[in-house]
Amino acid sequence: MKSQTIEKPKFWLFKSEPSAFSIDHLARSAKKTAPWDGVRNYQARNSLRDDVQVGDFVFFYHSREEPLGIFGTMQIVRAGYPDFTAFDPKSKYYDPKSDPDNPRWYMVDVKLVEKFPEPVTRDKLASDDIARSMLVMKRGMRLSIQPVTQEEWNAVQQLAKVEA
DNA sequence: GCCAACGTTGGC
DNA sequence: GCCAACGTTGGC
């Protein structure tokens, strides 16, 4: 058996404050594609650099501003590469400690797949037996790049189809 | 706007 | 290597 050579599809949830970058920003981007830049947390960085692969599916989550929740889905179109905003003194994400020869921060490119007709809010997530236990629902969970299970992915897709 | 939870920094 | 202080996140 060579079953371990089969790549499992991977699912993620990326968080963003919509005032900084929202799903509508992504929808208006050329080819509905944009770099997911500005991640400045080591655990999230490790995921972007090492784990997120082209073809992986991603939920777009709006944090901080109501309504809080999952607004749609994206797909990874470019795997981890150095986050160039860290090298730009004019960027709000500038980090002088990130050396271009040994970059500290990484990003990926995402493409919008679907904006849900209605967001799947935290209230809706909390009402579902499976979605309720997602990482994003845990108190104090600040990680902005989170793994999602296949079951959670399916559960949220179901919730997105239910009338608001 | 508040503030608990969390991650990072830096003095020792 | 510890841990107090600090800055940030993000739900409420």
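Because the structure is predicted, anything quoted here is derived from the model rather than measured. Computed over heavy atoms, backbone and side chain alike; hydrogens, waters and symmetry mates excluded. In what follows, chains carry the letters A, B, and so on, assigned in the order in which the sequence lines appear, proteins first and then strands, with residues in each chain numbered from 1.
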Enquirer: Quick test of your reading: applying ring-ring contact (aromatic ring centres under 6.0 Å, His included), list the pairs with at least one residue in residues 59-79 of chain A, sequence neighbours left out, ordered by first then second residue.
Expert: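 Residue pairs with at least one partner in residues 59-79 of chain A: A:Trp36-A:Phe60, A:Phe59-A:Trp153, A:Phe60-A:His62, A:His62-A:Phe71.
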
Enquirer: Does anything in residues 89-97 of chain A come within less than 4.0 Å of DNA chain B? Heavy atoms only, and list the residues if so.
Expert: A:Lys97

Enquirer: Rest of the hydrophobic cluster containing A:Tyr81 (Ile/Leu/Val/Met/Phe/Trp/Tyr, side-chain heavy atoms under 4.5 Å)?
Expert: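 Noted: A:Tyr81 shares its cluster with A:Phe84, A:Phe87, A:Met107.
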
Enquirer: Indicate for each nucleotide in nucleotides 7-12 of chain C, in 5' to 3' sequence, whether protein heavy atoms under 4.0 Å reach the base (B), only the sugar-phosphate (S), or nothing (-).
Expert: BBSBBS

Enquirer: Who pairs with A:Arg45 by side chain to side chain donor-acceptor pair (under 3.5 Å), at least two apart in sequence or on another chain?
Expert: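 Scan of A:Arg45 (side chain to side chain donor-acceptor pair (under 3.5 Å), adjacent residues dropped) gives none.
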
Enquirer: Not counting sequence neighbours, list each pair that qualifies as a salt bridge (Lys or Arg N to Asp or Glu O under 4.0 Å) and has a residue in residues 28-38 of chain A.
Expert: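 Matches after skipping sequence neighbours: none remain.
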
Enquirer: Residues in side chain to side chain donor-acceptor pair (under 3.5 Å) with A:Ser127, at least two apart?
Expert: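 With sequence neighbours excluded, A:Ser127 shows a side chain to side chain donor-acceptor pair (under 3.5 Å) to no residue whatsoever.
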
Enquirer: Using five pairs at each end of the helix from B:dG1-C:dC12 to B:dC12-C:dG1 to define an axis, what is the angle between those two axes, to 10°?
Expert: 10°

Enquirer: My understanding is that only residues two or more places apart in sequence, or in another chain, count here; which of them pass side chain to side chain donor-acceptor pair (under 3.5 Å) with A:Thr85?
Expert: A:Arg40, A:Asp83

Enquirer: What pairs meet the ring-ring contact (aromatic ring centres under 6.0 Å, His included) rule with one or both residues in residues 88-147 of chain A, with sequence neighbours excluded?
Expert: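 Every ring-ring contact (aromatic ring centres under 6.0 Å, His included) pair that includes a residue of residues 88-147 of chain A, provided the two are not neighbours, is A:Tyr42-A:Trp105.
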
Enquirer: Using a 4.5 Å cut-off between side-chain heavy atoms of Ile, Leu, Val, Met, Phe, Trp and Tyr, which other residues end up in the same hydrophobic cluster as A:Leu143?
Expert: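 Traced through the cluster, A:Leu143 reaches A:Leu135, A:Met141.
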
Enquirer: So, for A:Lys111 and A:Leu26, which heavy atoms are closest and what is the spacing to 0.1 Å?
Expert: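 Residues A:Lys111 and A:Leu26, closest heavy atoms: C-CD2, 4.4 Å.
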
Enquirer: Salt bridge (Lys or Arg N to Asp or Glu O under 4.0 Å): which pairs involve residues 130-148 of chain A, sequence neighbours left out?
Expert: A:Asp129-A:Arg132

